[in-house]
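Structure record follows, encoded as structure tokens.
Numbering starts at 1 and runs along the sequence shown. The structure presented is a predicted model; accordingly, all values stated were derived computationally and were not measured.
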Amino acid sequence: MPTILITGCSSGIGLDAARYLHARGWSVIATCRRAEDLAARRAEGMQSLHLDLADEASVADCVARALALGPVDALVNNAAFALPGAVEDLPRGGLRAIFEANLFGTHDLTRQLIPHFRDRGAGRIVNVSSVLGLVGIPWRGAYVASKFALEGLTDVLRIEMADTPVRVVLIEPGPITSRIRANSIPHFERWIDWEHSARADQYRASLLRRLYQPSGPDRFELPPEAVSRVIARALESSRPRARYRVTRPTTVAAFGRRLLPTSALDWFARHS
């Protein structure tokens with residue numbers, strides 16, 4: 001039974017992927033930050049470990065505890081959070097906080113497991129990015145920046161690991177049912193002083209409504225299982241693709257980046 005470590009298993013894609021792969025026979029090490037989520041994963045028959053990607057000591061402890069359980073065959077880097085707000089209102093501390101979790105912690109966890117994969121002669125690293133790692137949209141600058149960075153770092157890692165038995169894959173989901181919007185509210189309230197922003201009226205008319213008065217699912221939104229199925233394909237294929245796109249908006253965005261002028265992409269972003 002192969003073993004996989006998955007980050008961000010409290011809800012959304014990470015939780016669904018943990019359940020989906022557990023049902024397929026994988027031994028899942030589900031990581032979460034909150035004790036109640038760890039207990040819930042254990043009650044479902046998974047192993048669970050605490051992990052706070054923004055904390056270097058937590059990352060090192062998670063790796064040590066995971067390897068103490070036995071060999072690890074694969075890693076799915078899914079955990080991330082969003083910090084909505086206009087780029088001009090984004091303070092340095094807020095940008096640092098999102099990069100600590102979405103990029104630095106993910107990179108730290110990955111590089112600490114690579115020697116283990118090398119020693120075993122096999123390993124699979126799957127990084128969950130986003131359509132916002134391909135195109136930017138208003139109010140999402142911090143998250144977009146972290147995902148663009150993750151895309152670049154993953155591409156280089158994949159190229160560098162080509163002469164090893166470790167395979168590196170990107171998953172690029174579009175709109176997926178999750179709690180990421182609701183979970184972003186505390187970060188928004190901590191870091192964005194919107195009431196004193198030059199864009200205060202725009203916040204009231206747009207972002208605040210989306211955050212506090214959600215109108216329902218996006219018309220292209222898919223359930224998280226759509227991503228879990230693709231993660232399983234990336235893990236279980238003997239020759240995985242470099243990247244897998246999930247949902248129509250991601251396919252359109254990838255096509256647009258190659259062929260459309262920047263002005264057209266900007267129009268699409270403003271009206272999405």
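- A salt bridge links Asp61 with Arg65: the closest approach of a Lys/Arg side-chain nitrogen to an acidic carboxylate oxygen falls below 4.0 angstrom.
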(message) Go through it in stages, so that I can follow the logic: the residues are Glu236 and Arg124, the test is salt bridge (Lys or Arg N to Asp or Glu O under 4.0 Å), and I'd like the CA-CA distance, side-chain angles, deciding distance and then a yes or no.
(response) CA-CA 9 Å; Glu236 296 170 0; Arg124 192 70 50 96; over 6 Å; no

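- The structure places CG of Leu207 at 9.0 Å from CD1 of Ile192, a figure rounded to the nearest 0.5 Å.
- More than 12 heavy-atom neighbours from other residues, nucleotides or ligands sit within 6.0 angstrom of CZ on Arg120.
- Side-chain N or O atoms of Tyr203 include one that pairs as donor or acceptor with a backbone N or O of Ala86 at under 3.5 Å.
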(request) Begin from the C-alpha positions of Asp16 and Ser228 and carry the test side chain to side chain donor-acceptor pair (under 3.5 Å) through to its verdict. (result) CA-CA 7 Å; Asp16 192 88; Ser228 299; 2.5 Å; yes

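- For the 3.5 Å distance criterion, the side chains of Asp89 and Ser197 qualify, holding a donor opposite an acceptor.
- Between the side chains of Ser129 and Glu172, no donor-acceptor pair is found at a separation under 3.5 Å.
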(request) Check the pair Arg42, Ser48 against side chain to side chain donor-acceptor pair (under 3.5 Å), reporting the backbone distance first and the verdict last. (result) CA-CA 6 Å; Arg42 287 192 291 269; Ser48 62; 2.9 Å; yes

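- Ion pairing of Glu88 with Arg199 is present here, as a side-chain N (NZ or NE/NH1/NH2) and a carboxylate O approach within less than 4.0 Å.
- Between Lys147 and Glu151, no side-chain nitrogen of the basic residue sits less than 4.0 Å from a carboxylate oxygen of the acidic one, so the salt-bridge criterion is not met.
- Here the CH2-CZ distance, from Trp191 to Arg96, works out to 8.0 Å after rounding to the nearest 0.5 Å.
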(message) One pair to check against side-chain contact (heavy atoms from CB on, under 4.5 Å): Gln202 and Arg204. What are the steps and the verdict?
(response) CA-CA 5 Å; Gln202 293 176 347; Arg204 292 187 185 95; over 6 Å; no

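- Across all their heavy atoms, Val169 and Thr154 have their closest contact at O-CG2, 4.3 Å.
- Heavy atoms only, all atoms of each residue included: Ala82 and Ile180 are closest at CB-CG1, 4.1 Å.
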(message) For Leu153 and Leu103: C-alpha separation, side-chain torsions, deciding distance, then whether side-chain contact (heavy atoms from CB on, under 4.5 Å) applies.
(response) CA-CA 9 Å; Leu153 200 66; Leu103 185 73; 4.1 Å; yes

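- Side chains of Thr106 and Asn127: no donor on one and acceptor on the other come within 3.5 Å.
- Between Gly25 and Pro2 the shortest heavy-atom distance is O-CD, 4.3 Å.
- Between the side chains of Ser10 and Asp37, at least one donor N or O lies within less than 3.5 Å of an accepting N or O.
- Not a single donor-acceptor pair under 3.5 Å links the side chain of Arg181 to the backbone N or O of Ser178.
- Side-chain N/O atoms of Asp193 and His196 include a donor and acceptor closer than 3.5 Å.
- Within a 6.0 Å sphere centred on CD of Glu189, heavy atoms belonging to other residues, nucleotides or ligands number more than 12.
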